[in-house]
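Reminder, nothing fancy here: chain letters follow the sequence lines and each chain counts from 1.
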There are 2 protein chains.
Amino acid sequence: MTLFLSTFTNKLDKKGRVSVPASFRLMLGGQTFQGIVGFRSYKLPTIEGMGIDRMQRLSESVDQFDVFSEAQDDLTAAIFADAQMMAFDGDGRVVVPPLLLEHAKIKEAVAFVGRGATFQIWNPALFEQHQQEARKRVQDTKATFKIWGNHA
Amino acid sequence: MTLFLSTFTNKLDKKGRVSVPASFRLMLGGQTFQGIVGFRSYKLPTIEGMGIDRMQRLSESVDQFDVFSEAQDDLTAAIFADAQMMAFDGDGRVVVPPLLLEHAKIKEAVAFVGRGATFQIWNPALFEQHQQEARKRVQDTKATFKIWGNHA
DNA sequence: TTTTCACCCATGTTATACCATAAATAGACT
DNA sequence: AGTCTATTTATGGTATAACATGGGTGAAAA
C-alpha cells in the first residue's frame with residue numbers, strides 16, 4: 001500500500017540535503033529504486049513527487065494518447081524529460097537539484113505534502129496560502145464525490 | 001466489517017492523549033495501520049475520522065478526476081495534505097495534534113461520534129448543539145432513502 | 001588538483017513504547 | 001439477590017528509541 005498523508009516541514013542544509021519524512025520513506029520501502037522522483041509542476045510553484053512505481057504507471061497511462069501525437073510529445077516532455085531521481089542516503093535524506101528548488105522557490109524550509117498516491121514538495125509559506133485557497137474552493141463548490149470499491 | 005456506532009466521551013490529558021472507544025478500536029483491528037486518521041472537516045468544526053483502509057479507498061476514488069486537474073488538487077489538499085495519522089499506544093490511546101484540536105475547539109473533553117463507515121471527533125458541547133439541529137432538519141424534510149444490497 | 005557526491009558517525013529533541021494505578025463492568029459463587 | 005473476583009477500560013507518569021539535523025571523510029569525477 002502506498003498512501004502519502006499529512007504535511008511535514010523539514011530543513012534544507014547547506015549541502016542541499018533534506019530528510020524525507022519517515023512515514024513517506026516507509027511507503028517507498030518495497031520499491032525497486034530507493035528514493036523519490038520529482039518534476040516541476042506545470043500549474044503550480046511546486047515539485048510533484050512520487051515513487052518510481054507510480055512513474056511507471058504514469059508512463060502506461062500516457063499511452064491513452066496517440067503515439068507521436070503532439071499531446072503525447074508535450075506530456076512526456078513535461079513529465080519524464082523533466083523528472084529528477086533523488087536517491088536516499090543512509091539516513092533517508094535526498095539532495096534536491098537546484099532546478100527544482102528554483103521552480104518551487106524553496107530557500108531553507110521544505111514542506112512535504114501528502115496527496116494520496118503522490119506527494120508535493122513546497123515552500124512552506126506558499127503552500128500555507130495555497131492550502132487555504134484550496135479549502136475555500138472545496139467549501140464553496142460544496143465538492144462531493146462517490147467512494148469506490150467494496151463496502152468493507 | 002467496519003461500523004462506527006454511538007457516541008463516547010473521553011478526556012484529553014495534558015499530553016493531548018485520549019482513549020479511542022474500545023468498540024471503535026475493535027473495528028480497526030485488522031487494518032495495516034494500527035491507529036486512526038483524522039482531518040479537519042471543511043464544513044463543520046469537527047475532525048473527520050476513519051481507518052487507513054478507507055483513506056486508501058478515498059485515494060483511489062479521487063483518481064476518477066483527471067490527474068493534475070484543479071478539482072483533484074483542491075480535494076487532495078483538503079483531505080490528504082491535511083490528514084494526520086494517529087497511532088494507538090499500547091493502551092489504545094492516540095495523541096491529537098494541536099492543529100486538529102484548535103479546529104474542533106476541543107479543550108479537555110472529546111466526543112467520538114459514530115457515523116457508520118466513518119466517525120467524527122467533536123467538542124461535546126458543540127456536538128450536542130449540532131445534533132439537535134440535524135435531527136430537526138431530518139424531521140422537517142422527512143428525509144427517506146433506499147437501502148442497498150442483499151436483504152440480510 | 002579541485003570539486004562534488006556518497007557514505008559514515010555524533011547529538012539533541014521529541015515522540016512513543018512501556019509500566020503503574022484507578023475505575024468500571026461483567027461473571028461466578030455463595 | 002448480594003458479594004467477591006477477574007477482566008477490561010480509562011487515565012497518569014517515566015524511560016527509551018526513533019528521527020531530524022549537523023558535520024566529517026574518502027572515493028570518484030571533472
Using a strict heavy-atom distance below 4.0 Å, which residues from residues 94-108 of chain A are in contact with DNA chain D?
none
Could you walk me through whether K11(B) and V18(B) pass the side chain to side chain contact (heavy atoms under 4.5 Å, CB included) check?
CA-CA 6 Å; K11(B) 267 190 269 182; V18(B) 63; over 6 Å; no
Closest contact, heavy atoms only, Q31(A) versus T2(A):
NE2-OG1, 4.2 Å
Classify the ring geometry between W122(A) and F127(A) as parallel (under 30°), tilted (30 to 60°) or perpendicular (over 60°).
tilted
Determine, step by step, whether I36(B) and M85(B) satisfy the side chain to side chain contact (heavy atoms under 4.5 Å, CB included) criterion, reporting the C-alpha distance in whole Å, the side-chain angles of both residues, the deciding distance to 0.1 Å, and the verdict.
CA-CA 6 Å; I36(B) 64 177; M85(B) 297 178 72; over 6 Å; no
Given atom CG of L12(A) and atom P of dA20(D), what is their separation to the nearest angstrom?
15 Å
May I ask you to say what N10(A) touches in the nucleic acid, namely base, sugar-phosphate or nothing, with a heavy-atom cut-off under 4.0 Å?
sugar-phosphate
Non-hydrogen atoms of R25(A) and V20(A) that approach each other most closely:
NE-O, 3.0 Å
Tell me the interatomic distance from R17(B), atom CZ, to dA15(C), atom P, rounded to whole angstroms.
13 Å
Within the structure provided, determine whether Q72(A) and V62(A) are in side-chain contact (heavy-atom separation under 4.5 Å).
yes
Using the benzene-type ring in the case of Trp, are the ring centres of F119(B) and F24(B) under 6.0 Å apart?
yes
Counting only heavy atoms and a strict 4.0 angstrom limit, can you tell me which residues of residues 19-36 of chain B come near DNA chain C?
none
Nearest 0.5 angstrom please: L99(B) CG to S6(A) OG, how far?
9.0 Å
Nearest whole Å is fine: how far is dT13(C) C1' from K15(B) NZ?
14 Å
Roughly how many Å is it from CG in D89(B) to P in dA18(D), rounded to a whole number?
17 Å
Q84(B) CD to dT16(C) P, in whole Å, measures 11 Å
Examine distances only and state if a side-chain atom of D89(A) and a backbone atom of G92(A) form a donor-acceptor pair shorter than 3.5 Å.
yes
Just how far, in rounded Å, is P of dA18(D) from CZ of F8(A)?
17 Å
Looking at Y42(A) versus F68(B), is the centre-to-centre ring distance below 6.0 Å?
yes
Is a side-chain N or O of Q34(A) found less than 3.5 angstrom from the main chain of L28(A), in a donor-acceptor match?
yes
Dump the pairs, protein N or O against N or O of nucleotides 19-24 of chain C, anything under 3.5 Å, distances to one decimal.
{"residue": "dC19(C)", "atom": "N4", "partner": "D91(B)", "partner atom": "OD2", "Å": "2.9"}

Could you tell me the separation between the NZ atom of K11(A) and the C1' atom of dT14(C), rounded to a whole number of Å?
14 Å
Between K14(A) and dG23(D), does any side-chain N or O lie under 4.0 Å from OP1 or OP2?
yes
Report the distance from atom CG of D13(B) to atom C1' of dT14(D), rounded to the nearest whole Å.
13 Å
